[in-house]
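Quick caveat: nothing in here was measured; it's all calculated off a predicted structure. Count residues from 1 along the sequence. Each ligand, and each atom within it, is numbered from 1 in the order the structure gives.
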Amino acid sequence: DILNNQTNATYYKTDCFERGINIICFKKFLQPAVETLNDTSSSNFLSALWRKINSEADTTANSRHKRQASGVPIRREVRAAPYENNFLRYALAVRRLKYHYGVRSDLNTYDIIASIHTGSNSEHDGPGFLSWHRIYLLLFEAALQAVFGQGVTAPYWDSSLDFAMGNRQSKTIIFSNKYFGTPVIDTITGGFFANLPGRTITRAINGRGGLISKNAIAAVLSRTSHSQIVNQDQVRYCWECYHDIVHRWVGGIMETGISAAFDPIFWCHHSFVDKIWELFRQRLRNAPADYPLGYENHGPNNQMNFSNYRYRPNPPITNQEGFSNRYARLREYDPAPSCQNQCSNSPDLFCDPTRDICVSREAVTSVAQDATADDIASGWSDITTTVMALRKVQQEVLKDIPPGTPLNLFRIRQVDPQTRPLSAFDV
Ligand SMILES: N[C@@H](CC1=CC(=O)C(=O)C=C1)C(=O)O
């Protein structure tokens with residue numbers, strides 16, 4: 001298991017931990033593809049994203065009006081209405097990043113960010129998992145915002161809605177062309193993320209692993225300290241462990257940390273991981289002080305699970321700070337779809353009154369399932385209204401929206417992301 005590669009861990013320990021953390025170190029250990037990313041453009045870009053996050057953290061922390069008034073970007077469930085202002089925005093922003101070669105001409109900007117996870121190991125299997133992935137997700141969203149405009153976020157994928165489908169889980173509309181694309185096994189050829197530049201996306205839905213049940217979430221939330229939810233020996237309460245099984249359930253490139261972040265569903269899964277963590281964190285009265293110190297030494301690759309581990313030097317962000325309100329305040333979460341809120345008004349969820357929970361709908365028809373980008377572009381007939389509406393949207397989207405073209409749905413920034421380099425100014 002390369003995630004547990006000892007050489008990397010040792011390398012990290014001597015080069016980074018003992019000699020002090022710096023940007024080189026950041027690149028070596030947070031960015032596996034060392035050689036690929038060991039360049040000025042990438043590090044300047046990543047530094048700019050860090051600056052953006054921290055300047056927002058400063059602003060939010062100093063805001064007199066606190067969270068509500070400060071326009072904090074919201075993360076909603078993937079299927080929450082309105083589609084055009086939620087998932088569609090995310091899908092378009094991801095496509096922009098995938099077509100963006102403004103940082104490096106040989107590597108698209110999405111893949112630059114995803115590569116950071118490729119070499120990750122130490123930030124898994126322990127408490128640092130929660131905070132590191134929180135920061136990593138913010139970094140990705142900062143990049144989305146740089147090419148697509150302020151406010152776009154990674155919607156959260158609440159996989160308990162799909163868990164509730166029982167033995168029909170692999171038919172979930174999540175893996176239709178309206179959302180993350182099809183087919184459910186092998187390279188995806190349909191939907192927003194098919195045939196994009198850079199790393200190909202593969203899946204193997206429902207081969208192994210599993211989804212997260214409401215009971216699992218309740219078990220995690222029933223604990224009273226962080227130490228209890230990061231302890232890998234207590235699988236029943238271990239939030240990271242529940243997250244692992246979803247990676248395996250999606251399969252394909254999501255199955256291993258080396259490639260997981262190249263699937264756009266990665267960020268939505270982690271958005272959900274972060275949401276539940278945040279619910280938990282807010283339930284603890286002493287949340288900011290409750291760094292799980294007792295579990296720092298857990299696991300073979302625990303370097304990054306030390307509370308005083310610094311992601312990078314300037315501004316300094318330690319794991320412990322990653323647990324603080326400073327970064328938590330940068331996002332808000334829409335409540336989980338429930339029968340009480342009409343399942344977030346989603347046409348793709350329904351309330352099961354006998355269980356009093358929302359359940360995901362299945363992918364609309366086999367036509368929708370199997371449609372490729374070309375099918376969509378050429379138009380298909382005889383399908384449901386939902387799919388017709390979707391087709392209309394996708395016809396525009398899949399043409400790769402000439403930059404600056406205002407869709408009726410929302411405005412796109414008046415820049416050409418493919419030719420205009422990102423700079424500190426943009427972010
Ligand atoms: N490798 C993990 C699952 C997994 C965890 C991750 O954090 C990841 O990024 C990808 C995959 C397991 O099989 O248990």
K.L.:
ring-ring contact (aromatic ring centres under 6.0 Å, His included), that's the test. Do Phe262 and His117 meet it? Break it down for me.
P.N.:
CA-CA 9 Å; Phe262 289 92; His117 201 269; 9.5 Å; no
K.L.:
For Asp244, take its heavy atoms, then give the atoms of ligand 1 lying under 4.0 Å from any of them.
P.N.:
3 (C), 4 (C), 5 (C), 14 (O)
K.L.:
Below 4.0 angstrom from a heavy atom of Ala260, which ligand 1 atoms are there? Numbered from 1 as shown, please.
P.N.:
9 (O)
K.L.:
Measure the acute angle between the ring planes of Tyr83 and Phe192, then classify it against the limits of 30° and 60° as parallel, tilted or perpendicular.
P.N.:
tilted
K.L.:
Quick one: look at Thr256 and ligand 1, take heavy-atom pairs under 4.0 Å, and tell me if it's side chain, backbone, both or neither.
P.N.:
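Just the backbone.
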K.L.:
Test ring-ring contact (aromatic ring centres under 6.0 Å, His included) on Phe129 and His243 and set out the steps.
P.N.:
CA-CA 11 Å; Phe129 166 80; His243 134 279; 4.6 Å; yes
K.L.:
Taking a cutoff of less than 4.0 Å between a non-hydrogen atom of the residue and any ligand atom, is His117 in contact with ligand 1?
P.N.:
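A heavy atom of His117 does come that close to ligand 1.
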K.L.:
For side-chain contact (heavy atoms from CB on, under 4.5 Å), just list the numbers for Val250 and Ile205, CA-CA rounded to whole Å, side-chain angles, deciding distance to a tenth of an Å, and then say yes or no.
P.N.:
CA-CA 5 Å; Val250 174; Ile205 303 299; 4.2 Å; yes
K.L.:
Any idea which part of Met254 is under 4.0 Å from ligand 1, heavy-atom wise: side chain, backbone, both or neither?
P.N.:
backbone
K.L.:
Are Phe180 and Phe266 an aromatic pair by the rule of ring centers under 6.0 Å?
P.N.:
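Not under 6.0 Å, so no.
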K.L.:
Under 4.0 Å from any heavy atom of Arg248, which atoms of ligand 1 are there?
P.N.:
12 (C), 13 (O), 14 (O)
